[in-house]
Amino acid sequence: MIRIAGGEKLAGTVQISGAKNAALPAIIASLLTTKPVVLHNVPHLADVETAVTLVQALGKEVRWRGRTMEIRGGEELHPEAPAELVQRMRASFLALGPLLARAKRAKVPLPGGCALGPRPVDFHLYGLARLGARITFANGAVLAEAKFLRGTSVYLDFPSVGATEQLLLAGTLAEGETVIINPAREPEVADLAELLRKMGAEVRWDTDRVTIRGRRELEGAEHTLIPDRIETGTYLLAGAITGGKVRAENVEPQHLAALLDRLSLAGCEIEVGKAWVELIGPRRPKPVDFRTWPYPGFPTDLQPPMVAFLALAEGRSTITETVYAARFGHVEPLLQMGAKIQVSGSVQVVDGVEGLRPAAVEATDIRAGAALVLAALAANGVSHVRGEQHIRRGYENMVEKLRALGARVWEEED
Ligand code: EPZ
């Protein structure tokens, strides 16, 4: 549990870690080769530890020193992903493509749903079937088999991050060209493509598609992960919601364009450097409307933290969640803290209030947890945020980083 004595303006500099959602597919990409893959700027997160356990279970050796990770071995891959790892972390499902491409067969449990609603993998399976995989199901797991994968074109109904990554991974060892039409363009997907290119894959981006020319085998590579744009947005919002002044360093500002646009509309003063962003929060936010959207749209992962900020605005904000069916786990706890939010369908109508009340609240997913921490930082008094295990999945050393910004936060036994 995290105890927060709110009401302080945050001020100072925060160093941003490597992107969780770039680290996870990059670690899994090491399954595609028997040569060493070295990753730099790897964040210390529970989800990264899960990804390491996964590739070790499949036959890789991992050495992780500081923020550098070396993954080697795996001449023979074990074709079955342990169920409890996939249940724990949906991104484990990305092992299906590489296992199929390398071991010609794979058994990976279907990832469970989570607080964000059902999270199907139909686009992943459709794409792999198009590449020639025979897909069957047995007690909650996907069985995939293919003597070889043959490139073809795959249209994605939705620019799914995971499905795009799954097909980028599988396509690197498929015969001929794999063309993904309507691919996800999130920076983390581009970072994976960059790593695959360093491993010898030919990847070409066009306006509406990405083309991968397969190879018989891939080389090792060395790669530095991009900074975490969601972590960056979360700390900028911590400065915004407390009316403080926060500078985030080691960032890629252009990855945050949609957020910065709406934060300036809400009254934040923002200055952008080559690898830093500085934000001065307003005395009280102005209301702002936005809808989440695939990149470069407003990131769905920053929707809950942004709603916490707008809960204090001087007026009504309308927020539409278009990526997930039900990303509202933050609403109930924010209501407990005095926020005025009505949810109808995919729309949240937030009528800003003067101040939030401290409370004991429960996080149900990574980003809802972040939203509650932000709300607690703004509320005058002591709040308790339970479910810290969710927060630890996605934020490296959050308590230390917040303390460095002057926040009065403590980690306690639940
Ligand atoms: C990635 O999840 C991220 N996770 C998520 O971040 C992020 O919210 C999401 O992309 C959207 O940006 C990682 O990168 C590890 P999707 P992913 O496939 O790949 C539907 C966090 O907090 N869909 O783009 O699962 C799906 O149900 C996490 O760091 C299908 O219908 O996202 C959802 O409504 C949370 N069928 C939408 O597409 C499929 O086969 C977006 O999913 C796949 C997805």
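Whatever order the structure lists them in is the order used to number ligands and atoms, beginning at 1.
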Enumerated ligand 1 atoms positioned under 4.0 Å from heavy atoms of [X]:
| X | answer |
| --- | --- |
| His124 | 40 (O) |
| Val323 | 33 (C), 34 (O), 37 (C), 41 (C) |
| Gly162 | 18 (O), 19 (O) |
| Arg367 | 21 (C), 22 (O), 29 (O) |
| Phe158 | 37 (C), 38 (O), 41 (C) |
| Lys20 | 21 (C), 29 (O) |

### Query
How about Asp228 and Tyr395: do any of their side-chain heavy atoms sit closer than 4.5 Å?
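No, every pair of side-chain atoms sits at 4.5 Å or beyond.
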
Decide whether an N or O pair under 3.5 Å exists between [X] and ligand 1.
| X | result |
| --- | --- |
| Glu165 | no |
| Leu24 | no |
| Asp122 | yes |

Nearest to [atom] by heavy atom, [options]: which?
| atom | options | value |
| --- | --- | --- |
| atom 6 (O) of ligand 1 | Leu125, Asp157, Thr322, Asp301 | Asp301 |
| atom 12 (O) of ligand 1 | Leu192, Thr292, Thr164, Val161 | Val161 |
| atom 43 (C) of ligand 1 | Pro120, Pro25, Ala22, Ala163 | Pro120 |

Would [X] and [Y] pass as an ion pair if we require N to O under 4.0 Å?
| X | Y | value |
| --- | --- | --- |
| Arg3 | Glu412 | yes |
| Glu396 | Lys20 | no |
| Arg105 | Glu145 | no |
| Arg403 | Glu400 | no |

### Query
For ligand 1, is any non-hydrogen atom under 4.0 Å from Glu188's backbone (N, CA, C, O), its side chain (CB onward), both, or neither?
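Neither; nothing of Glu188 gets under 4.0 Å from ligand 1.
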
### Query
Applying a 4.0 Å heavy-atom criterion (strictly less than), which segment of Tyr295 is in contact with ligand 1: side chain, backbone, both, or neither?
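It is neither; nothing of Tyr295 touches ligand 1.
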
### Message
Please list all pairs meeting salt bridge (charged side-chain N to carboxylate O under 4.0 Å, His left out) that have one or both residues in residues 85-104, counting only residues at least two apart or in different chains.
### Response
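As it turns out, the salt bridge (charged side-chain N to carboxylate O under 4.0 Å, His left out) pairs with a partner in residues 85-104, which skip direct neighbours, are Glu84-Arg88.
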
### Message
Would the distance check show the side chain of Thr211 and the main-chain N or O of Val179 forming a donor-acceptor pair, the cut-off being under 3.5 Å?
### Response
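No, Thr211 side chain to Val179 backbone: no donor-acceptor pair under 3.5 Å.
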
